[in-house]
Amino acid sequence: MRKSKVLQKLRNGENVSCIKINLTDPKVCEMAAIAGFDCVWVDQEHIGQDWSVLAASIWATKAHDTDILVRVPRGAYNNYIKPLELDATGIMVPHVMSLADAKEIVHHTRFHPVGRRAIDGGNADGGYTGVDFNFYLKEANEQRFTILQIEDPEPLEALEAIAALPGYDMLFFGPGDFSQGIGAPGVWDHPRLVETRNRIAVLAKKYGKFAGTVGGPGNLTELHEMGYQFVSIGADVVGLKNYYSSLIGAFNGSNQTSSSSYLEKQ
C-alpha cells in the first residue's frame, strides 16, 4: 500500500499544501500533482463526480506520488468506503454534528481494532487481493486518513469530546457554511467564526489530531501560526476564472477583473 505523503509530513510537524479541484477531468488533478501539491481535494458532496472519473483521478495523482482527498456525501456507510477502496488517500466527511455522529464515522471508516469498516480487499487499496489480509487492515488504518469537517455551530458544545475521540486524524474547519450557520454569511472576521477557528486548532493539538481548513496566499502564514498544518489554498476554477477575465480584459483594452468568489474569500 502506498504511504500517505500528507500523513508523513503532518506527523513530521511539516505543513501540507492542498488545492481543491472542481472540474471533473482527471487531467486537472494530474496537472496539480505535477505542479507539486502534496494533496489534491476532489468532491462528491457538491460536484457530480462519477465513480469512473474518480478512479481515474486517483490513478493520475498516485502516478506522481500525490495524495488525493475525497469529500464524501453524507448518507450510506459505503459512500465513505468506496473512495478508500478505489485507493483514495483520505476522505473528509462534511457537517459532523455531534459526538455520536463522529463515533459512527470512525466505526465505518476504520478496521479492527478501532472500528468495523466493511472489508473487501479485492479492490485497488488491497492490491486486488495481493496484499496480506492483516497487513492490509493495519496499513489502511495507519496510511489512510479520515477528516471530520466542523462547519456548523451545532457540534461546538461537544467539540472537545469530538477532538478527544480516537480513530480519526484531522478536524477541518469550514468557514463558509459556518458563517451561514451563525447568521453572518460571508463575514469572515465575525468574532464567533474567528474564535471557533482558533478553538479547533487548539483542541486538535491538545488531543493529538491535525487541524485543517481553507485559506489563501493572503492568510496562509496566519493559519500556519495558528496551528493549521493542512491548508487548501485555492481551487482550479478560481485560477481559470481569473485567467479568462484577464484575457478578455486585455482584449477589450481594459483592466477588467471579475468579482472575487466565495472560494477566494475564505
Side-chain angles (χ1 to χ4, degrees), residues 1-12 16 18 21 24-27 29-30 32-33 37-45 47-94 96 102-149 165-170 172 209-210 212 230:
M1 184 176 287
R2 175 184 165 274
K3 304 292 184 184
S4 166
K5 179 181 287 187
V6 166
L7 287 175
Q8 181 180 10
K9 294 188 75 170
L10 292 175
R11 289 165 180 168
N12 288 339
V16 170
C18 178
I21 303 297
T24 56
D25 190 324
K27 290 191 286 292
C29 290
E30 185 175 26
F37 281 96
D38 298 314
C39 185
V40 169
W41 164 10
V42 297
D43 206 289
Q44 290 186 311
E45 182 192 14
I47 299 165
Q49 188 78 254
D50 179 82
W51 289 106
S52 60
V53 173
L54 178 59
S57 295
I58 292 169
W59 297 335
T61 52
K62 285 168 59 177
H64 300 283
D65 195 29
T66 293
D67 283 13
I68 187 165
L69 164 66
V70 182
R71 181 161 61 181
V72 298
R74 296 302 305 260
Y77 79 92
N78 55 358
N79 287 337
Y80 305 161
I81 63 172
K82 280 182 182 178
L84 295 172
E85 292 182 335
L86 288 170
D87 209 18
T89 328
I91 63 165
M92 178 157 61
V93 182
V96 175
K103 286 180 177 179
E104 184 176 15
I105 292 164
V106 171
H107 178 81
H108 287 310
T109 58
R110 292 299 198 203
F111 290 127
H112 175 84
V114 183
R116 293 277 298 277
R117 174 183 156 185
I119 299 174
D120 190 311
N123 298 300
D125 65 329
Y128 306 103
T129 72
V131 178
D132 174 79
F133 179 76
N134 287 299
F135 180 78
Y136 166 59
L137 303 191
K138 178 176 178 292
E139 286 292 285
N141 279 352
E142 293 180 359
Q143 294 298 327
R144 297 297 176 261
F145 54 89
T146 298
I147 300 175
L148 305 184
Q149 190 167 16
L165 180 70
Y168 74 97
D169 304 281
M170 186 186 300
F172 191 102
K209 306 300 193 301
F210 303 109
F230 185 103

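Only this structure's heavy atoms are used, side chains among them; waters, hydrogens and symmetry mates stay out. None of these values were measured; they are calculated from a predicted model.
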With a 4.5 Å limit on heavy-atom distance, are the side chains of [X] and [Y] in contact?
X      : Y      : value
Val106 : Val114 : yes
Phe145 : Leu69  : yes
Trp51  : Gln44  : yes
Trp59  : Pro26  : no
Met1   : Arg144 : yes

Tell me whether Asp67 contacts the main-chain N or O of Thr89 through its side chain, where contact means a donor paired with an acceptor under 3.5 Å. no
Shortest non-hydrogen contact from [X] to [Y]?
X      : Y      : value
Thr66  : Asp38  : CG2-O, 3.5 Å
Ala33  : Val40  : N-CG2, 4.4 Å
Phe111 : Ala140 : CE1-CB, 3.6 Å
Ile81  : Ala118 : CD1-CB, 3.9 Å

Which residues share a side-chain contact (heavy atoms from CB on, under 4.5 Å) with Lys3, sequence neighbours left out: Glu139, Gln143
Suppose we screen for side-chain contact (heavy atoms from CB on, under 4.5 Å). Which residues come up paired with Ile47, at least two apart in sequence or across chains? Lys20, Asn22, Thr24, Asp43
With sequence neighbours excluded, residues passing salt bridge (charged side-chain N to carboxylate O under 4.0 Å, His left out) with [X]:
X      : value
Asp169 : Arg110
Lys5   : none
Lys82  : none
Asp50  : none

Partners passing ring-ring contact (aromatic ring centres under 6.0 Å, His included) against [X] (at least two apart in sequence or in another chain):
X      : answer
Phe172 : Trp41
Tyr77  : His108
Tyr80  : none

Point-to-point distance, once rounded to the nearest 0.5 Å, from [atom1] of [X] to [atom2] of [Y]:
X      : Y      : atom1 : atom2 : answer
Ile105 : Thr146 : CD1   : OG1   : 9.0 Å
Ile68  : Ile91  : CD1   : CD1   : 13.0 Å
Arg71  : Gln49  : CZ    : CD    : 12.0 Å

Quick check on side-chain hydrogen bond (donor to acceptor under 3.5 Å, both in side chains): which of Asn141, Asp125, Thr129, Asp120 does Tyr136 satisfy it with? Asp125
Output all residues satisfying side-chain hydrogen bond (donor to acceptor under 3.5 Å, both in side chains) with [X], sequence neighbours left out; order by chain, then residue number.
X      : value
Asp65  : Arg2
Lys209 : none
Asp25  : Lys27

Between Asp87 and Lys62 (salt bridge meaning N to carboxylate O under 4.0 Å), is one present in this structure? yes
